[in-house]
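Take a look at the structure below.
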Amino acid sequence: MDDSHTGEHDSHDHGGNEEGRITSPMQSFTMSQVGTGVVVTLVGLAVVFGVPLLLA
């Protein structure tokens, strides 16, 4: 293994965020965002199931 990269990993800044890592499931969301998700889901289902039924 090459030892030239040993200290390189710890030398860069990791963002300095004191709150810690925030991931999407932990963040709050609005009913508007829920509505958008439902619409996108319905359009996706219509494309996946509706288009093949129309072409058959």
Side-chain angles (χ1 to χ4, degrees):
M1 184 168 179
D2 187 10
D3 290 334
S4 64
H5 295 98
T6 55
E8 191 173 315
H9 180 70
D10 294 329
S11 65
H12 67 277
D13 184 23
H14 291 279
N17 187 357
E18 294 192 17
E19 293 179 9
R21 183 176 174 187
I22 298 175
T23 58
S24 293
M26 295 170 50
Q27 296 173 348
S28 61
F29 48 88
T30 65
M31 289 306 292
S32 170
Q33 292 171 322
V34 171
T36 302
V38 169
V39 169
V40 168
T41 300
L42 292 175
V43 168
L45 289 172
V47 168
V48 168
F49 293 107
V51 171
L53 287 174
L54 289 174
L55 296 176

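For clarity, every value in this text was computed on a predicted model and none was experimentally measured.
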May I have the list of side-chain donor-acceptor pairs in residues 35-42 shorter than 3.5 Å, sequence neighbours left out?
{"from": "T36", "atom 1": "OG1", "to": "S32", "atom 2": "O", "distance (Å)": "3.0"}
{"from": "T41", "atom 1": "OG1", "to": "G37", "atom 2": "O", "distance (Å)": "2.8"}

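- Counting Ile, Leu, Val, Met, Phe, Trp and Tyr side chains that sit under 4.5 Å apart, directly or through other members, V48 shares a hydrophobic cluster with L45, F49.
- Hydrophobic cluster membership of L53, counting Ile, Leu, Val, Met, Phe, Trp and Tyr whose side-chain heavy atoms lie under 4.5 Å apart directly or via other members: none, as it forms a cluster of its own.
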